[in-house]
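Have a look at the structure below before the remarks.
Both counts, for ligands and for their atoms, begin at 1 and track the order of listing. Please read these numbers as outputs of a predicted model, since none were measured by experiment. Hydrogens, waters and symmetry mates play no part in the numbers below; they use all other heavy atoms, side chains included. The chain is numbered in sequence order, starting from 1.
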Amino acid sequence: MEVSEKAPAKINLTLDALHKREDGYHELEMVMTTIDLSDRIELADIDGDDIVLENTSGLIPQDERNLAYRAADLLRQRMGITRGVKITIHKRIPVAAGLAGGSSDAAATLRGLNRLWQLGLSLEELAELGAEIGSDVPFCVWSGTALAKGRGEILTPVAPPPPCWVVLAKPQHGVSTAEVFQALRVDRIERRPNTEAMIQALEQGDYRGICRHLGNVLEEVTMQMYPEVKRLKEKMQQFGADGVLMSGSGPTVFGLVDRESRARRIVNGLRGFCRQVYAVRMLGSNQPLLLDKSRTI
Ligand code: ATP
């Protein structure tokens, strides 16, 4: 038996760090949404009890450090399963980019193995397991659009953005999320996003409001480390994106655009400055999972 699962990337429409907690993590408040840039995970039964990993990218670990491997291992332990599995990762999401590629691979592995092994676990249960692998994994288990609090694992569904285009530009280097958070001084943050206003704009389907309220307190920190991120943001604004922000801890910069033709123009303009440029659709609006507003995950 074999199953295939899509693992979409996310972007942060907002990211705020409220304070540093006693456990060393920052207390976060983020609005995240899924975009149509995805890895594909194939899961196949094999003889024996090994977890075998194959991937199309030379940039991610091929062993037990891979988050997809860890997801399979954790699920097997918790459910007392001894079956072997081959995990194949077709990588499209840029690595160490602020797009949660690894977390999404782990989440897709949990969802896919739940089907392959007919475990009957709910998404709530898979998200809870996912939190042990990484803070962004629970969101990726659900996908869609959500307000994330705590380390990112406490999720409340939010209305999806209206259909639009997302132009992404990823500088050559990757960024270590831990390093960026270490450099962040929460007491010195000068401009914070207005999370409430972003949620309101989403609820009202107010595209311009969404563009206006994009904000990420890590942007300043990563830009200090990598000035190229600032240059890319400026270029994206010059080429006419309606709203521009760095996603997560970066270094990927994204721009929102309402029409495909404009997205294509911006992509063409950016190609001279950056090798990894994409134009994709928002996916937040295609995911029914989070639309049941009565449920806090
Ligand atoms: P986030 O936005 O959640 O901080 P990110 O997009 O910045 O994540 P990832 O692409 O998830 O970063 O990769 C972070 C690190 O995790 C990489 O250095 C990589 O070596 C490791 N990693 C482990 N498994 C994977 C995987 N399946 N895909 C990508 N990276 C992985």
Subject >> Heavy-atom nearest neighbour in the protein, as seen from atom 17 (C) of ligand 1, with distance rounded to 0.1 Å >> reply: Val95 CG1, 4.0 Å

Original post:
Take atom CG in Asp63; do more than 12 heavy atoms of anything else shown fall under 6.0 Å from it?
Top reply: yes

Original post:
Nearest heavy atom to atom 19 (C) of ligand 1: which of Ala68, Gly250, Pro61, Ser103 does it belong to?
Top reply: Pro61

Original post:
Can you list the atoms of ligand 1 that are under 4.0 Å from a heavy atom of Leu99?
Top reply: 2 (O), 6 (O)

Subject >> Closest to atom 29 (C) of ligand 1 (judged by heavy-atom distance), picking from Asp39, Val137, Ile60 >> reply: Ile60

Subject >> Any protein heavy atom < 4.0 Å from atom 23 (C) of ligand 1 >> reply: yes

Subject >> More than 12 heavy atoms of other groups within 6.0 Å of Glu196 CD >> reply: no

Original post:
Considering only heavy atoms of Ala100, which atoms of ligand 1 have at least one such atom less than 4.0 Å away?
Top reply: 1 (P), 2 (O), 3 (O), 5 (P), 6 (O), 8 (O)

Original post:
Would one find more than 12 heavy atoms of other residues, nucleotides or ligands at under 6.0 Å from atom CD of Glu228?
Top reply: yes

Original post:
To which protein heavy atom is atom 16 (O) of ligand 1 closest, and what is the distance rounded to 0.1 Å?
Top reply: Leu67 CD1, 4.9 Å

Subject >> Glu42, CD atom: more than 12 neighbouring heavy atoms under 6.0 Å >> reply: yes

Original post:
Out of curiosity, is Gly102 lining ligand 1, as in a heavy atom under 4.0 Å away?
Top reply: yes

Subject >> Test: Asp36 and Lys6 ion pair at under 4.0 Å >> reply: yes

**OP:** Please write down residue, atom name and distance for the protein heavy atom closest to atom 5 (P) of ligand 1.
**Re:** Gly98 N, 3.5 Å

Original post:
Which protein heavy atom lies closest to atom 9 (P) of ligand 1, and at what distance to 0.1 Å?
Top reply: Ala96 N, 3.6 Å

Original post:
Does atom NZ of Lys86 have more than 12 heavy-atom neighbours from other groups under 6.0 Å away?
Top reply: no

Subject >> Atoms of ligand 1 close to Asp105 [distance to a heavy atom under 4.0 angstrom, numbered from 1] >> reply: 26 (C), 27 (N), 28 (N)

**OP:** Before accepting this row, confirm whether a basic side-chain N of the pair Asp39/Arg92 lies closer than 4.0 Å to the acidic partner's carboxylate O.
**Re:** no

Original post:
Which residue and non-hydrogen atom of the protein lie closest to atom 4 (O) of ligand 1, and at what distance in Å?
Top reply: Thr177 OG1, 2.9 Å

Original post:
Taking all atoms of both residues into account, what is the closest heavy-atom pair of Lys10 and Gly248, and its distance?
Top reply: NZ-CA, 4.0 Å

Subject >> Lys/Arg-Asp/Glu bridge criterion (N-O < 4.0 Å) met for Lys149, Glu27 >> reply: no

Original post:
Under 4.0 Å from any heavy atom of Arg65, which atoms of ligand 1 are there?
Top reply: 23 (C)

Original post:
Heavy-atom contact under 4.0 Å between Lys91 and ligand 1?
Top reply: yes

**OP:** Would you mind checking which non-hydrogen protein atom is closest to atom 1 (P) of ligand 1, with the distance to 0.1 Å?
**Re:** Asp136 OD2, 3.7 Å

Subject >> Salt-bridge criterion met for Asp242 and Arg262 (N-O under 4.0 Å) >> reply: yes

